[in-house]
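First the structure, in the form of structure tokens, and then the observations on it.
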Amino acid sequence: MAKSPAFQFYASDFLTDTQSWDIKEVGIYIRLLANQWVNNSLPKDWKRLSRIAGCDLEDMEKAWVILGFKFIEDLEGNIFNKRLQETREEQILFSIKQSKNGSKGGRPKKEKPNETQNKPK
């Protein structure tokens, strides 16, 4: 199955979650989310994270005070946003469901009325 190039963006949730953040924090956050989508997780290394986010190390460390609550660590020592991972899993399940339905031939054909049934006058 091909990897989805895009994720569902819940604008209302995003605005609610980030309304008290400054523009740098918002920019860093969206860049980290986009990178996680493409690569499945993010490195926990500050220098690499700051390069991914397009900021210097000092800005990354300052922003992480806020952003750190949005990410958790996996068993391999990488970090990821749980909500984005749930979105990915929902998308995969939907795609599998659609594929199964398609392999069944799509929607069933409507039955034609029986010729022996009375036709309306």
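Scope of the values below: all heavy atoms of this structure, side chains included, with no hydrogens, waters or symmetry mates.
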Full working for side-chain contact (heavy atoms from CB on, under 4.5 Å) between L49 and I79: CA-CA 10 Å; L49 269 181; I79 56 175; 3.8 Å; yes
State, to 0.1 Å, how close L57 and K47 come at their nearest heavy-atom pair, and which atoms those are. CD1-N, 4.0 Å
Over all heavy atoms of both residues, which pair between S41 and N35 is shortest? Give the atoms and the distance, please. O-OD1, 4.4 Å
Here the pair of heavy atoms bringing R31 nearest to R51 is NH2-O, 4.4 Å
Passes side-chain contact (heavy atoms from CB on, under 4.5 Å), K70 versus L33? Steps please. CA-CA 10 Å; K70 297 290 187 180; L33 291 177; over 6 Å; no
Can you establish whether the number of heavy atoms outside F9 located under 6.0 Å from its atom CZ is more than 12? yes
Could you please spell out the steps behind the side-chain contact (heavy atoms from CB on, under 4.5 Å) verdict for F80 and L42? CA-CA 6 Å; F80 66 96; L42 298 163; over 6 Å; no
CD1/I23: more than 12 non-hydrogen atoms of other groups inside 6.0 Å: no
Nearest atoms (heavy-atom pairs only) where N81 meets F71: N-CD2, 3.5 Å
Kindly give the heavy-atom pair with the smallest separation between A53 and M60, and that separation in Å. CB-SD, 4.1 Å
Does R83 make a cation-pi contact with Y10 (under 6.0 Å, within 45 degrees of the axis)? yes
Identify the two heavy atoms, one from K44 and one from G77, that lie closest to each other, and give their separation to 0.1 Å. CB-O, 3.4 Å
Could you go step by step and tell me if I66 and Y29 meet the side-chain contact (heavy atoms from CB on, under 4.5 Å) rule? CA-CA 10 Å; I66 301 289; Y29 183 54; over 6 Å; no
Taking the six-membered ring for Trp, are W46 and W64 parallel (under 30°), tilted (30 to 60°) or perpendicular (over 60°)? perpendicular
